[in-house]
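These notes are about the structure you will find just below.
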There are 2 protein chains.
Amino acid sequence: MAAATRSPSHAQDHILAERKRREKLSQRFIALSSIVPGLKKMDKASVLGDAIKYVKHLQEKIKQLEEQTKKRTVESVVLVKRYHLPADDDSNSSSNDDDLPEIEARASERDVMIRIHCEKQPGVLAKVLTEVESLHLSIVNSSVMPFGNSTLDITIVAQVTN
Amino acid sequence: MAAATRSPSHAQDHILAERKRREKLSQRFIALSSIVPGLKKMDKASVLGDAIKYVKHLQEKIKQLEEQTKKRTVESVVLVKRYHLPADDDSNSSSNDDDLPEIEARASERDVMIRIHCEKQPGVLAKVLTEVESLHLSIVNSSVMPFGNSTLDITIVAQVTN
DNA sequence: AATAACACGTGAGGC
DNA sequence: TGCCTCACGTGTTAT
């Protein structure tokens, strides 16, 4: 319609409010540009554009990192689960050693020693012990040692049950 | 000064250019809001604000993930074969048909892990611990497990002292 | 009615 | 000088 803003005092309010709004936007633009690294142009369009690229880059990177760590833990769990006591000799002679979880087993008479070097994760000891006990083995001794920040070294001695 | 924009054709160009600029900005705002998850309010200030929070969040997450994966790298694994324990009268060149390592050492950051699989004999643990401590290492944890009738499995975690 | 958000045209200043 | 970017005041709309 024709005349929307009538009173001059209200008009001033409007101007002031709009000024405040612009101020807020400007501050956010500055804040955004300050956390986006490698900004060449500082104009608004470039800040937005580079921020968009940067966010996509960060998302991709996180995706990769999470995949990487997930693969590692999954691998270790799978290996632990799949591991069976050496019924046959074939186990490992020329195995390519991916440096992650290592399992070593020795037998002497009725004693069996199992040593596992793996990533620290909740429930791994219980899993291993359960697995071992399900293999006609009675656990005689066990030790868990933290090593570094994220690694566990588990040593178990068990005896074959009749 | 008084008259800045003189020609009306140039004035129209100005209007058009400014329109195009705003259009570009709007598109970027939409693009940004589309890659920032969990947006409640869609107004420009909120989009910017949430984008800022989100970027900071992503940066923090990446920092954590990178730290995590970095800590996981074991720097070195040294296998020492046929290592003789000190003060050993080796009259019989022994029957070590075991090809598994008798002594294994690995390091991660400041931590060092040493594992020894050897014959049970009095004082062997003390000897080993003394030996380790003489190498700028402070023992953090140790475990000795009997295995079979005459074998010991010793695991030690120590930290490098400055 | 009051508030908030937006797009617009316009003048000013920086290369 | 043109081209670009910005901030401003304003009208309009939706809540």
Side-chain angles (χ1 to χ4, degrees), chain A residues 1-70, chain B residues 1-70:
Chain A
M1 286 306 195
T5 307
R6 307 175 183 256
S7 162
S9 57
H10 288 171
Q12 278 309 105
D13 283 356
H14 187 204
I15 292 181
L16 198 68
E18 181 66 10
R19 231 177 260 183
K20 194 170 138 198
R21 173 180 166 270
R22 278 195 299 261
E23 179 72 16
K24 180 160 57 171
L25 279 180
S26 289
Q27 287 178 341
R28 304 254 164 121
F29 264 103
I30 295 177
L32 181 58
S33 63
S34 72
I35 62 173
V36 175
L39 275 184
K40 171 73 182 178
K41 315 272 283 181
M42 285 293 282
D43 67 276
K44 296 184 178 180
S46 300
V47 169
L48 282 184
D50 288 343
I52 292 173
K53 285 192 215 159
Y54 184 55
V55 166
K56 287 182 180 174
H57 176 249
L58 292 185
Q59 289 172 335
E60 194 62 29
K61 197 164 187 175
I62 285 187
K63 196 174 162 189
Q64 288 180 354
L65 285 176
E66 276 180 340
E67 220 170 89
Q68 194 180 8
T69 59
K70 198 136 200 178
Chain B
M1 288 304 190
T5 306
R6 308 180 182 252
S7 162
S9 57
H10 288 171
Q12 279 309 105
D13 283 356
H14 186 206
I15 293 180
L16 198 66
E18 183 64 14
R19 231 179 260 181
K20 194 170 140 198
R21 173 180 164 270
R22 278 196 296 262
E23 178 71 18
K24 179 160 59 170
L25 280 180
S26 288
Q27 287 177 342
R28 304 249 164 129
F29 264 104
I30 294 177
L32 180 60
S33 63
S34 72
I35 62 174
V36 175
L39 276 185
K40 172 70 183 177
K41 313 272 283 179
M42 285 294 282
D43 67 275
K44 296 183 178 180
S46 300
V47 169
L48 281 183
D50 289 342
I52 292 173
K53 286 190 212 160
Y54 184 55
V55 166
K56 288 182 179 173
H57 176 250
L58 292 185
Q59 289 173 334
E60 195 62 31
K61 195 164 187 175
I62 286 187
K63 197 173 161 190
Q64 290 180 353
L65 285 178
E66 276 180 341
E67 219 170 90
Q68 193 182 9
T69 59
K70 197 146 199 177

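A quick note: this is a predicted structure, and the numbers were derived from the prediction, not measured.
Within 4.0 Å (heavy atoms only), Arg21(B) reaches at least one base atom of the nucleic acid.
Atom CG in Leu65(B) sits 10.5 Å away from atom CD in Glu60(B) (nearest 0.5 Å). Atoms CZ and NZ, on Arg28(B) and Lys44(A) in that order, are 14.0 Å from each other to the nearest 0.5 Å.
Checking Met42(B) against Glu18(B), the closest nucleotide of DNA chain C that is more toward the 5' end is the one next to Met42(B). If you find the closest nucleotide of DNA chain C to Lys20(A) and to Glu23(B), the one lying nearer the 5' end belongs to Lys20(A).
Separating the CG atom of Leu25(B) from the P atom of dA7(D) is a distance of 11 Å, rounded to the nearest angstrom. Between Phe29(A) atom CZ and dA7(D) atom C1' the separation is 13 Å, expressed in whole Å. Atom CD1 in Ile30(B) sits roughly 13 Å away from atom C1' in dA7(C) (whole-Å rounding). The CD1-C1' distance, from Ile15(B) to dC4(D), rounds to 16 Å in whole Å. Atom CG in Asp13(B) sits roughly 15 Å away from atom P in dG11(C) (whole-Å rounding). The distance between atom CD of Gln12(B) and atom C1' of dG9(C), rounded to the nearest whole Å, is 10 Å. His10(A) has its NE2 atom 9 Å from the C1' atom of dA1(C), to the nearest Å. Here dC8(D) presents its C1' atom at 13 Å from CG of Leu16(A), a figure rounded to the nearest Å.
Put simply, Arg19(B) has no side-chain N or O that comes within less than 4.0 Å of OP1 or OP2 on dC8(C). Residue Lys44(B) has a polar side-chain atom (N or O) positioned under 4.0 Å from OP1 or OP2 of dA7(C). Contact annotation: Arg22(A) side-chain N/O to dC6(D) OP1/OP2 distance is not under 4.0 Å.
Side-chain contact between Gln64(B) and Glu67(B) is absent, with no heavy-atom pair separated by less than 4.5 Å.
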Legend entry - Candidate pair Ser33(A) and Met42(A), rule side chain to side chain contact (heavy atoms under 4.5 Å, CB included), full reasoning: CA-CA 8 Å; Ser33(A) 63; Met42(A) 285 293 282; 3.7 Å; yes

Inset, instruction - Report the C-alpha separation of Glu18(B) and Arg22(B) in whole Å, then their side-chain angles, then the decisive distance to 0.1 Å, and conclude whether the side chain to side chain contact (heavy atoms under 4.5 Å, CB included) test is met. - result: CA-CA 6 Å; Glu18(B) 183 64 14; Arg22(B) 278 196 296 262; 3.4 Å; yes

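The side chain of His14(A) has dG11(D) as its nearest neighbour among dA12(C), dG9(C), dG11(D).
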